[in-house]
Amino acid sequence: MTFVTKENITELVLEVFERTPEPRLREVMQSLVKHLHAFIREVEPSDTEFEQGCEFLVSLGKNTSEKKNEVILASDILGASTLITLINNVKRAEQAGQFQTESALLGPFWRANAPFCEAGDTIARGNTQGMPLEVRGVVYDKHGKPLANATVDVWHASPIGLYENQDDAQENMNLRGRFKTDAHGAYFFKTVRPAGYPVPTNGPCGDLLRAQLRHPNRPAHLHFMVSMPGHKVLITQVFADGDDNLTSDPVFGVTALLVGHFQEHVTDGKTHATLTHDFHLTEGDMTFPHPPIP
Ligand code: BEZ
Ligand code: FE
């Protein structure tokens with residue numbers, strides 16, 4: 001019979017987990033325990049610090065609601081969400097052996113049922129004010145062939161940096177819409193130029209950012225989810241070039257390829273912007289994520 005010691009506890013836990021029949025669960029939990037115990041051995045938390053850590057996790061749950069997912073936010077500000085996305089980008093590209101648009105994190109504000117719109121419609125609903133922005137591009141398959149009838153789901157923050165679900169002044173589903181590509185694989189929609197915005201700071205993640213002297217402001221961006229049966233769902237973001245926070249995104253989401261070219265034009269003294277951005281899909285199952293908010 002082996003009694004527990006500080007030295008053997010990691011081995012004992014791993015042995016117990018070895019009985020898990022499902023191989024991936026076994027692998028994930030054993031690795032988690034190895035790294036968790038190594039972290040604890042390195043940091044040697046005091047009892048008070050352990051309590052604080054548990055309270056942090058509990059408050060992630062308490063601060064999660066239909067309007068906000070603090071658990072995803074924690075993963076984002078730790079760089080974990082983006083790291084997972086980057087690893088899966090590389091894997092997908094290796095499997096497909098071809099160029100494909102980089103993915104970016106989903107974020108906490110995707111809603112599954114944005115209204116279907118006609119090409120050229122605006123997603124700026126109600127009396128949303130802001131610089132007009134036209135967005136167009138082509139969706140390609142793995143052979144570089146334009147994909148007709150693909151779905152381009154777009155969502156973004158308002159010119160004052162709020163998603164509609166955070167802002168009672170905006171209409172339901174404002175700045176959200178789904179567009180079908182035409183026979184040439186092209187999509188086209190109108191909107192208003194989004195502003196950068198702070199990630200929510202009224203919960204434990206905000207406390208952590210402040211304690212680490214980090215600003216909460218994401219650079220301005222559009223979110224896209226591009227889908228077509230027989231293809232992997234592409235979740236990505238396109239960032240506004242020239243934004244001051246491109247290299248200090250609190251969720252570490254900006255890679256070089258995700259920066260889009262927003263062009264500003266002046267017509268009759270009024271400024272409007274255009275963005276042309278194409279997407280390349282890879283073949284695979286069309287599996288959608290679970291919406292973080294309804
Ligand atoms: C977003 O881009 O919507 C987002 C991503 C991570 C945290 C907060 C917001
Ligand atoms: Fe966003």
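Note that ligands are numbered from 1 as they come in the structure, with each ligand's atoms numbered from 1 the same way. Keep in mind the model is a prediction, meaning the values are calculated, not measured.
- Taking every heavy atom of both residues into account, Asn8 and Phe3 meet most closely at ND2-O, 2.9 Å.
- Within a 6.0 Å sphere centred on CD of Glu118, other residues, nucleotides and ligands contribute 12 heavy atoms or fewer.
- Here the protein heavy atom with the shortest distance to atom 6 (C) of ligand 1 is Asp76 OD2, 3.0 Å.
- A ring-centre distance under 6.0 Å is not found for Tyr187 and Phe179.
- His35 has its ring centre no less than 6.0 Å from the ring centre of His37.
- Atoms of the protein (N, O or S only) found under 2.8 Å from the Fe ion (ligand 2) are Tyr163 OH, Tyr197 OH, His221 NE2, His223 NE2.
- Between His265 and His272, the ring-plane angle classifies as parallel under the 30° and 60° cut-offs.
- When non-hydrogen atoms are compared, ligand 1 lies under 4.0 Å from neither the backbone nor the side chain of Ile72.
- Those atoms of ligand 1 with a heavy atom of Tyr163 less than 4.0 angstrom away are 1 (C), 2 (O), 3 (O).
- Counting atoms of ligand 1 from 1 in the listed order, those under 4.0 Å from a heavy atom of Gly107 are 5 (C).
- Between Arg178 and Asp153, the shortest heavy-atom distance links the atoms CG-CG, 3.5 Å.
- Taking 4.5 Å as the limit, some side-chain heavy atom of Ile77 sits within range of a side-chain heavy atom of Arg214.
- Atom NZ of Lys68 is separated from atom CG of Leu73 by 7.0 Å, given to the nearest 0.5 angstrom.
- The closest approach between any non-hydrogen atom of Leu105 and ligand 1 is below 4.0 Å.
- In this structure, Lys142 NZ and Leu147 CG are separated by 12.0 Å, a value rounded to the nearest 0.5 Å.
- In the displayed structure, Glu42 atom CD is contacted under 6.0 Å by at most 12 heavy atoms of other residues, nucleotides or ligands.
- Annotation for ligand 1: atoms under 4.0 Å from non-hydrogen atoms of Leu73 are 7 (C).
- For ligand 1, the atoms sitting less than 4.0 Å from at least one non-hydrogen atom of His223 are 1 (C), 2 (O), 3 (O), numbered in the order shown with element in parentheses.
- The backbone N or O of Thr122 lies less than 3.5 Å from no partner atom in the side chain of Thr191, so there is not a single donor-acceptor pair.
- Per-residue contacts place Val251 under 4.0 angstrom from the following atoms of ligand 1 (heavy atoms of the residue considered): 6 (C), 7 (C).
- Interface of Phe109 with ligand 1, defined as ligand atoms under 4.0 Å from a residue heavy atom, comprises 3 (O), 9 (C).
- The shell of residues lying under 4.0 angstrom from ligand 1, judged by heavy atoms, includes Tyr197.
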